[in-house]
Amino acid sequence: MLSGYFKIILQYAILFILMLAALPALSQTAQSFKFKTIVIDPGHGGKDPGAHGAYSNEKTIALSIGKKLKVAINNEISGVDVIMTRSTDKFIELHKRAEIANDNKANLFISIHCNSSPGRVGKGRGVLLLVYGYHRKGEQLEALRENASIFIEKDYKKKYNGYGEDAAVNEIVLAAFQQRYRKQSIHFGNLLNEQFKEKDGRKSLGVREQGVLVLQQSGMPGLLIETGFINNPADEKYLNSSEGQNDIVRSIIIAIKKYKEGLE
């Protein structure tokens with residue numbers, strides 16, 4: 001019995017030592033990090049219109065905001081590449097949206113949507129910001145295994161003390177990356193939430209963790225923005241107006257700038 005307990009304690013001690021060994025490499029990676037790629041994902045598209053309002057649909061609003069956001073980033077944030085998962089009224093499968101972000105080694109994934117509440121005319125109003133639910137971390141760990149930035153770093157096996165050779169080390173390093181991405185996602189969500197509430201005077205339902213499918217396979221910080229309730233008459237009018245869309249874009253831009261400054 002004692003030998004069994006001793007073996008368990010020894011295993012945890014080894015894992016703890018390995019985790020401590022991985023921390024300097026993670027810190028070094030953070031210090032040399034450069035924020036250079038954002039993927040904008042306008043939700044739905046093509047045969048998938050998304051939610052409906054009295055006279056508009058989600059896919060059209062999401063694309064319009066996404067295109068304006070791309071222009072604003074290009075004009076105001078130097079050294080950052082912007083990639084759209086779709087630039088036209090085209091249906092893109094959810095897993096392909098994540099693949100676009102992963103293939104381009106994105107540093108931030110922003111998915112734009114409209115919310116909807118029960119009933120033809122909904123009573124819900126305001127923004128909602130969603131990050132990937134940590135309770136479903138196993139799904140995102142798979143994405144990190146496939147596309148974690150450490151795979152393309154020079155001498156990653158040496159830098160991460162055996163990463164790629166030892167399964168225990170692999171899990172520790174990937175879990176550390178995932179926890180950092182989760183914290184960064186929540187941080188960006190909080191920055192944006194502050195802008196929506198204080199700058200735009202919008203009602204907000206806050207930052208929440210959910211099992212968002214489009215973020216499931218993204219090996220990077222990501223946020224799904226529910227820009228408003230399309231089946232609420234006041235929100236629908238705001239979401240379709242130039243003023244409303246420009247306000248949303250402006251808040252996202254300010255949040256990105258603050259987020260980028262904090263990282264670099």
Side-chain angles (χ1 to χ4, degrees), residues 35 38-44 50-51 58 61-62 64-66 68-70 72-73 76-77 80 82 97 101 106-117 122-137 140 178-216 218 220-232 234-264:
F35 187 91
I38 296 174
V39 168
I40 299 172
D41 173 46
H44 308 279
E58 182 177 4
I61 294 172
S64 180
I65 293 173
K68 289 180 179 179
L69 178 59
K70 179 180 180 179
I73 294 173
E76 299 186 36
I77 305 178
V80 174
V82 183
R97 296 170 188 261
N107 304 118
L108 185 62
F109 183 79
I110 300 175
S111 190
I112 301 171
H113 288 257
C114 299
N115 215 337
S116 181
S117 54
K123 296 181 179 180
R125 289 199 68 181
V127 297
L128 172 64
L129 305 167
L130 301 176
V131 300
Y132 189 68
Y134 196 62
H135 61 286
R136 302 181 66 170
K137 59 184 178 181
Q140 195 174 48
Q178 184 191 40
Q179 179 65 6
R180 192 170 77 189
Y181 291 159
R182 171 178 175 263
K183 289 181 178 178
Q184 290 173 348
S185 298
I186 294 173
H187 175 56
F188 177 63
N190 287 332
L191 289 173
L192 182 53
N193 190 48
E194 181 181 345
Q195 291 302 314
F196 279 142
K197 291 170 64 178
E198 295 186 6
K199 179 181 179 299
D200 298 339
R202 302 284 309 279
K203 177 183 178 182
S204 174
L205 301 177
V207 181
R208 299 182 184 178
E209 293 186 61
Q210 287 189 13
V212 183
L213 291 177
V214 75
L215 301 178
Q216 174 183 315
S218 303
M220 70 214 59
L223 186 69
L224 187 148
I225 306 170
E226 298 280 15
T227 54
F229 284 80
I230 195 171
N231 67 334
N232 177 290
D235 267 14
E236 183 178 21
K237 181 179 179 180
Y238 182 81
L239 293 172
N240 280 278
S241 68
S242 295
E243 178 186 0
Q245 292 186 8
N246 290 337
D247 284 348
I248 291 168
V249 168
R250 175 54 36 198
S251 287
I252 298 174
I253 285 289
I254 294 173
I256 291 173
K257 288 179 178 178
K258 290 183 177 181
Y259 176 76
K260 180 176 181 290
E261 289 171 4
L263 289 178
E264 296 182 346

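- Residues Y259 and H187 share a closest heavy-atom pair of CD1-CD2, 3.8 Å.
- Separating the CG atom in L191 from the CD atom in E261 is a distance of 10.0 Å, to the nearest 0.5 Å.
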Exercise for review: Begin from the C-alpha positions of L263 and Q184 and carry the test side-chain contact (heavy atoms from CB on, under 4.5 Å) through to its verdict.
Suggested key: CA-CA 9 Å; L263 289 178; Q184 290 173 348; 3.6 Å; yes
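- Remark: the backbone N or O of N115 is paired with a side-chain donor or acceptor of E226 at under 3.5 angstrom.
- A donor-acceptor contact shorter than 3.5 Å links the side chain of Q245 to the backbone of L239.
- For the pair I112 and I65, the tightest heavy-atom approach, listed with the atom from each and the gap, is CD1-CG2, 3.9 Å.
- In this structure a side-chain-to-backbone donor-acceptor pair under 3.5 Å is missing from S116 to F229.
- Residues K257 and I77 form a side-chain contact, since some pair of their non-hydrogen atoms from C-beta on lies under 4.5 Å apart.
- Scanning both residues, R97 and H44, for their nearest heavy atoms gives NH2-O, 2.7 Å.
- Panel note: side chain S218, backbone M220; no donor-acceptor pair is recorded below 3.5 Å.
- Paired with P221 under the rule side chain to side chain contact (heavy atoms under 4.5 Å, CB included), one option of F109, F188, Y181 passes, and it is Y181.
- The shortest non-hydrogen separation linking I230 to E236 is O-CB, 3.2 Å.
- Residues A72 and V249 come closest through the heavy atom pair CB-CG1, 3.7 Å.
- Counting only distance, with no hydrogens or angles, the side chain of S64 and the backbone of I61 share no donor-acceptor pair below 3.5 Å.
- With values rounded to the nearest 0.5 angstrom, Q195 atom CD is found 5.5 Å from S251 atom OG.
- Between the side chain of S185 and the backbone N or O of G222, at least one donor-acceptor pair lies under 3.5 Å.
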Exercise for review: Check step by step if side-chain contact (heavy atoms from CB on, under 4.5 Å) holds for N107 and I38.
Suggested key: CA-CA 6 Å; N107 304 118; I38 296 174; over 6 Å; no
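- To the nearest 0.5 Å, atom CD of residue E198 and atom OG of residue S204 are 11.0 Å apart.
- A 4.5 Å side-chain heavy-atom check between L224 and L129 finds every atom pair outside the cut-off.
- Rounded to the nearest 0.5 Å, atoms CG (D41) and NE2 (H113) are 5.5 Å apart.
- For the pair R250/I253, a side-chain contact is recorded, criterion being any heavy-atom separation below 4.5 Å from C-beta on.
- With contacts defined as side-chain heavy-atom distances shorter than 4.5 Å, the pair L108/F35 qualifies.
- With hydrogens and angles disregarded, no donor-acceptor distance shorter than 3.5 Å links the side chain of N193 to the backbone of G189.
- For D235 (side chain) and R125 (main-chain N/O), no donor-acceptor pair under 3.5 Å exists by modelled atom type.
- Once rounded to the nearest 0.5 Å, the distance linking NZ of K258 with CD of E194 reads 5.0 Å.
- The line from NZ of K68 to CD1 of I248 is 9.5 Å long, rounded to the nearest 0.5 Å.
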Practice item. Begin from the C-alpha positions of V127 and I225 and carry the test side-chain contact (heavy atoms from CB on, under 4.5 Å) through to its verdict. Key: CA-CA 7 Å; V127 297; I225 306 170; 5.7 Å; no
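- The two residues I110 and I256 have their closest heavy-atom pair at CD1-CD1, 3.8 Å.
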